Each structure stands twice: as structure tokens, then as C-alpha cells.
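To start, the structure under review is shown below, and the notes come after it.
Since the model is a prediction, treat every value here as computed from it, not as a measurement. Throughout, protein chains are lettered first and strands after them, A, B, ... in sequence-line order, and every chain is numbered starting at 1.
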Amino acid sequence: MTLTIYNSLNRSKEPFETVDPGKVKMYVCGPTVYDSCHIGHARSIIVFDVIYRYLTFAGYDVTYVRNFTDIDDKIINRANEIGISPAALAEKYIQEFYVDMDALNVLRPTSEPRATEHIGNILRLIEILIEKGIAYAAEGDVFFSVDKFDGYGKLSGRKLDDMEAGARVEIDLRKKNPFDFVLWKASKPGEPEWDSPWGKGRPGWHIECSAMSKDILGASLDIHGGGKDLIFPHHENEIAQSEAAFGKTFVKYWVHNGFVNINHEKMSKSLGNFLMIKDILKVYHPEVLRLFLLSHHYRSPVDFSDETVRNVAAGLDKIYAMLERVEKFLGKLPDTGSEKYATSPDAEKDFWSLFTNAMSDDFNTAQGIGVLYDAVRNLNKILDSCEKAEPEHPDDAVNRQTISNECLGIMKIGNILGILSQPPGDYFARKKEAVLERQSVDAGLIEALIQERKDARKSRDFKKADEIRDRLKAMNIEIEDRPEGTIWKVIS
RNA sequence: GGCGGCAUAGCCAAGUGGUAAGGCAACGGCCUGCAAAGCCGCUAUUCUCCAGUUCAAAUCUGGAUGCCGCCUCCA
């Protein structure tokens, strides 16, 4: 199984070969912690969470670093507005970040460095650049001289000459080239500051990633990821800093995820349509959000709308309903930790390997989810035929083995995607609770109505029974008459 | 102005040279007192349009139209 990855640097899919065999060094740009995380953050983090899970599954020893930018203009401004220290503001949003991530079933990276913990490394890196004549100090600021780095623009496809025409930012006369960017910023009174050879100040935005990745992973990384918008200037500048300083290829594979739009509009402050993760999770199960985001290729834009997400919720219900069915049939679900999946002799029906094929092609989760639904349908079919058979059916043991194995494959797919992580009973219970609360419906009343309908059915008063069913339906409650009794579900 | 992306059924979406995955919705069937759930079948002779390359194109090339992103903080 050869893994290919789309590399933004060369704009093509390439076979994945690590710098050190068997080891993956992966760095992903994390959030600037000045506000709550929105769905755009969720996409980036979930995409790379799945890449991390998949690479680990594929047998790589993955070191995954995701940083926090905890010092920056936006943090300082916001802290001043609320009247707390920038450090306290950053800490508050880091804690909130963890609440969101845990809810979304996002694995913790190997390392989560913060810019303020690496000031020493940042200063050393700037000094190297100054010694090499690539950076220069001016009135307490330090700038990177883009003319001194030949490869400037290779990631974003920009040429310095072409960009001059479009320059409309006020030109800083201290810069040798208008595109020179700041490595170190002199502090204004009252701002957080650290001592440096150029006076008190703080790091520029781009330098932290170069310094921290070098410190934790070394000068050359296998994968560097982030949102598409970071390509220019952030990642372009990281390349310039790291390669100019250390003289080695900084990153082998650049991976960038696409944006999330809301009802066909870009999220923006002027439209006021930022969707925060915590608000979405009030309405949708976290795995619905994961499944929704992963149903689209990670490089394509996705459009978040209630209609689309509700469709995904229906799909997740379907998968959990199947798990519940298996649980009932076997008495318990297979254990992905201890039980081993057996490859199917029929390659067309070996859903697990079809899934890994899709994932090996540039992490095509959308195609992989298609395989997942195929597998669910296939297993439901097997269950249909087994449930019809007599309990003493001679093939029973074989059937149980088949069902268990097929289910195991589905659950393994769930593990990679970070879904199907809870017992189906809990999933449906949680869903009921959320809907009942939102609609202020009482579970006791529902049970009473179902009992009443049961009595009516017993006396073959179907008219009354149907009336009760309609009444429940009006309450967004749907019932299913199963062989073992009537159960009810909420319609979301 | 510079750079880049996208256009596939009612909706969402995969598919980068070999004859259109999957989901939601709709419809028909099995099942059911009737439903629901599940399964089966059906739903794009065709992939925005035009021209070209090829035995073969949704996939490659050129052009047109439409939509979007980055170039300024942004996932």
C-alpha cells in the first residue's frame, strides 16, 4: 500500500517517503489563542487528527507537533479590551481549546509548544540570521531580508517583482524591501516583553514556528500542515527563515486544508457569521461534525448548512443503529483492541482494505466514507438473513463469526475517522436527551403513550393505536415495533 | 493588477485516460395489522459550454461562461 500525498509545494500528488525510514515528523500550525475556536479551526484540526491517526495505523512512528501562538498583537489588543493580562487571556482560550478538542474526540499531539516557552530558541534563530547577513536590526525591530533568500516565493508561486505592483500597505521606510517581514518587534510601554540584543520586545508571528519545529523535530520535517490561507505569507516566511538559517530543506510535504463556508458565505467578522465549535455542539453530536467535515476532500471548500449537516446526522444514526443491531445479535460488540480483523477472501467485499486504499490516496476520507456505508449495508444484509434463520440454524456459529469480523472492520474505520467511539446505547440516549430537552418533552409521557398504544394494539384497536402514533410523531417521536417490543426514537 | 482553485443527478459528494462510488430526498417491491427500521430495485446514455488530442476523455490540451480563494489578521 503506497501512500501518496498532495504536496502544495509542487502542486502534485507524490509518493510519501520519509526523511528517516519509518519515522514521520509532522508540524501543524495551531491556533492563536485570543478567541473561541470556530468551525474552520475544527476542520483543520480534525483533518490533521485523522492524518495523524492514519499514519500511526500505517505503522509510522509519528511525532506530531501542534503549537499555540500565545503572544501576538491580537492577543494583546483583546486582553487590553477586557482588562486582563495577555498571558491570562491566552491561558483562558487554551483551556477552552482543550474542552472543544476533547468533545470532538481529537487526539493530543506528541507535543504542544507555546511561543512564549521558546523565546530563547527564537532569539538564537534570529541571531543566526543576523550573523549570516540575512536579517537586520532597525530601531529595536529585526527584519528578514527577502532579497537574501533565493527561494523566496517558491511555495506560494509568487515572484517579488510581480508583487510590487500590488503593494498597497504603507511602506515602512526602515525595510530594505517592502516585503521584508518582522522577526522581532520592539515592545510598546505596557506590552509583554523579553530582553534581547536589540532591546526589549517580542517575537514576530512567523519566527516561532521555525524555532519550535527546529528545537523539537530538527531542521527537516516530513509534513507541515495548516489552513490554505497560511501559505502566504506565513509558510513562505517559515521556509525562508528555516532554510536560510539551517541550509537544509525545511519541509518535504506541505499539506493545506480548504476553508469552511457558512451558507455559501465566507466566515468573516463583517458578516458576523463565525460559527463557534461550542455552539455547533449544542445542536449536533460531535461525531456528526467530524463525519460532515470528513465527507468532503480536505483540500476542497466545504459549505456548512443545516440541511447538509442534518443529512450527515441521518447517516451517522444509520451506522449506530447497525452497531446496536450487532450488539443485540452477538450480545456484545467486538473489541477493536484485542480482536484481530480477518481479511476477506473476496477483495471486492474487503471493506477495510478498500478503506485503506482510499486513505492512502491523499487521505481521501470522502471516498473512505463511501466504503464505510457500503460495509454497513453489507452487514445489515447479513443480519437480515441471520435474523430470519432459526436459532438452531447449523451455520449460526459461522454467521456470528462473520458478523463479528465485518463489524470489527467497520469499527476500525471508525477509529481512523475518530467516530463510532461510544456504545450505541449511549449515542442514542444522548441524542434523545438533547432533543427532549430542547423540545421540553417528557420521557415519562412518551412511555405512557406507548403503553397505551400497546394495550390498544393488543385489543386490535388499530385506529386508536395509530392515533397515538400520530400524536407521538407530532412530538417528533418515532416508534418502531420490533419483535422484542416497541422502541422510540427522536427525529432530529 | 499578480497567483491559485472549483463547475458531476433535486441536494451533498467521490472519481485525474478504459466506459459514472456513496449519502440524503423521492418512487416501486419484500417485511408489517398499518407503519418504522432493514434489504432489494429504480433515480446522470452522462459529468457548465465549444473545439482539439486519443482506439478510448468527467478525466489531457486550447478557448468561453459562471462561482470562489489568497495577495492585509485569519484554519
Side-chain angles (χ1 to χ4, degrees), chain A residues 8 11-13 28-32 34-35 37-48 72-74 77 153 156-159 161-169 179 205 225-234 236 256-261 264-269 274 291-292 295-297 299-303 305 307-318 321-322 324-325 354 358 361 364-385 387-388 457 460-463 465-466 469-470 473 478-482 486-489:
Chain A
S8 305
R11 298 202 181 88
S12 63
K13 277 191 207 173
V28 174
C29 289
T32 301
Y34 72 105
D35 202 351
C37 284
H38 53 67
I39 186 171
H41 293 107
R43 184 177 196 196
S44 177
I45 288 158
I46 287 169
V47 162
F48 288 102
D72 148 287
D73 286 347
K74 291 191 295 294
N77 293 340
S156 54
R158 277 157 229 267
K159 295 187 185 74
D161 298 340
D162 294 341
M163 290 201 295
E164 275 176 276
R168 92 230 60 99
V169 183
F179 293 96
W205 173 36
K228 259 193 167 92
D229 54 318
L230 296 181
I231 292 174
F232 191 89
H234 186 53
E236 194 67 64
H256 293 101
N257 66 274
F259 269 33
V260 181
N261 295 320
H264 305 292
E265 285 178 327
K266 183 188 160 144
M267 282 196 287
S268 74
K269 293 190 171 86
F274 271 87
L291 191 60
F292 164 72
S295 295
H296 304 68
H297 189 96
R299 282 187 276 116
S300 309
V302 320
D303 188 52
S305 70
E307 189 197 352
T308 315
V309 180
R310 262 199 294 269
N311 289 346
V312 171
L316 187 64
D317 279 358
K318 179 178 176 154
M322 182 232 70
E324 194 172 46
R325 216 177 153 190
L354 291 171
D361 181 13
N364 195 336
T365 53
Q367 190 171 62
I369 287 167
V371 174
L372 172 61
Y373 282 117
D374 279 337
V376 169
R377 180 156 28 80
N378 181 255
L379 183 44
N380 266 320
K381 202 189 298 189
I382 296 172
L383 285 160
D384 273 0
S385 66
E387 283 170 356
K388 267 182 206 153
R457 290 181 73 210
R460 303 194 66 79
D461 183 356
F462 295 120
K463 188 163 176 282
D466 291 350
R469 183 167 59 201
D470 290 343
K473 186 139 196 176
E478 192 146 74
I479 54 181
E480 286 179 33
D481 295 322
R482 296 188 180 179
T486 299
I487 63 123
W488 59 276
K489 302 193 303 189

In B/S/- notation (B base, S sugar-phosphate only, - none; protein heavy atoms under 4.0 Å), nucleotides 14-27 of chain B written 5' to 3' is SS-----BSBS---
With a 4.0 Å cut-off on heavy atoms, is A:Met267 in touch with a base, just the backbone sugar-phosphate, or nothing at all?
base
Kindly indicate whether the side chain of A:Asp481 and the base of B:C34 share any N or O donor-acceptor pair separated by less than 3.5 Å?
yes
Is it the case that A:Asn257 and A:Arg299 place a side-chain donor and acceptor less than 3.5 Å from each other?
no
When you check the phosphate oxygens OP1 and OP2 of B:A36, does a side-chain N or O of A:Trp488 lie under 4.0 Å from one of them?
no
What distance, rounded to whole Å, do you find between the two P atoms, one in B:A7 and one in B:G15?
10 Å
Rounded distance in Å - CZ (A:Phe179) to C1' (B:G2):
10 Å
A:Lys381 vs B:C40: side-chain N/O to OP1/OP2 distance below 4.0 Å:
yes
Side chains of A:Asp374 and A:Asn378 in contact at under 4.5 Å (non-hydrogen atoms):
no
Please give the distance between the P atoms of B:U8 and B:C67 as a whole number of Å.
14 Å
Answer yes or no for A:Arg457 and A:Phe462: cation-pi contact, defined as NZ/CZ to six-membered ring centre under 6.0 Å and angle to ring axis within 45°.
no
Provide, to the nearest angstrom, the distance between the CZ atom belonging to A:Phe274 and the P atom belonging to B:A75.
8 Å
Any strand is fair game: report the nucleotide pairing with B:A20 by Watson-Crick or G-U wobble, both distances under 3.5 Å, or none.
none
How long is the line joining CG of A:Asp35 and P of B:C73, in whole Å?
18 Å
Using the P atom as the reference point in each nucleotide, state the distance between B:U72 and B:U59 in Å, no decimals.
35 Å
Given atom CD1 of A:Ile479 and atom C1' of B:G38, what is their separation to the nearest angstrom?
17 Å
Base, sugar-phosphate, or nothing for A:Gly40, non-hydrogen atoms under 4.0 angstrom?
base
Rounded to whole Å, CG of A:Asn257 lies from P of B:C70 at a distance of 13 Å
Base, sugar-phosphate alone, or nothing: which one does A:Leu230 contact when heavy atoms must sit under 4.0 Å apart?
sugar-phosphate
Separation of B:C68 C1' from A:Lys228 NZ (nearest whole Å):
11 Å
Measure the distance from NE2 on A:His38 to C1' on B:C74 and round it to the nearest whole Å.
7 Å
Within the 4.5 Å heavy-atom criterion, are A:Asp317 and A:Lys489 side-chain neighbours or not?
no
By the 4.0 Å heavy-atom rule, please label A:Ser156 as base, sugar-phosphate, or nothing.
sugar-phosphate
Nearest-nucleotide pick for A:Arg158, side chain only, options being B:A75, B:C71, B:A36
B:C71
Between B:A13 and B:C50 - P atom distance, rounded Å:
24 Å
With both distances kept under 3.5 Å, what pairs with B:C31, Watson-Crick or G-U wobble?
none
To the nearest 0.5 Å, what is the distance between NZ (A:Lys228) and OG (A:Ser300)?
7.0 Å
Give the C-alpha distance, both sets of side-chain angles, the deciding distance and a yes or no for side-chain hydrogen bond (donor to acceptor under 3.5 Å, both in side chains) between A:Asp481 and A:Thr486.
CA-CA 4 Å; A:Asp481 295 322; A:Thr486 299; 2.8 Å; yes
Kindly indicate whether the side chain of A:Trp488, heavy atoms from C-beta on, has any atom under 4.5 Å from the side chain of A:Glu478.
no
Give me the distance, rounded to whole Å, that separates B:G66 from B:G52 when you measure between the C1' atoms they each carry.
23 Å
Between B:G17 and B:A25, how far apart are the P atoms? Round to whole Å, please.
34 Å
According to the interplanar angle, ranging from 0 to 90°, do the rings of A:Phe292 and A:His296 count as parallel (below 30°), tilted (30 to 60°) or perpendicular (above 60°)?
perpendicular
Could you let me know what B:C73 is paired to, Watson-Crick or G-U wobble, both distances under 3.5 Å, or none if it's on its own?
none
Interatomic distance where CZ belongs to A:Arg11 and C1' belongs to B:G5 [whole Å]:
10 Å
If I pick the P atom on B:A26 and the same atom on B:U32, what distance separates them, to the nearest angstrom?
23 Å
Taking a pair to mean Watson-Crick or G-U wobble geometry with both distances below 3.5 Å, B:G66 pairs with B:C6
Integer angstrom distance from the C1' of B:A44 to that of B:C34:
36 Å
First locate atom CH2 of A:Trp205, then atom CG of A:Leu230, and finally report the distance between them rounded to the nearest 0.5 Å.
5.0 Å
When both distances are under 3.5 Å in a Watson-Crick or G-U wobble arrangement, the nucleotide paired with B:A51 is B:U61
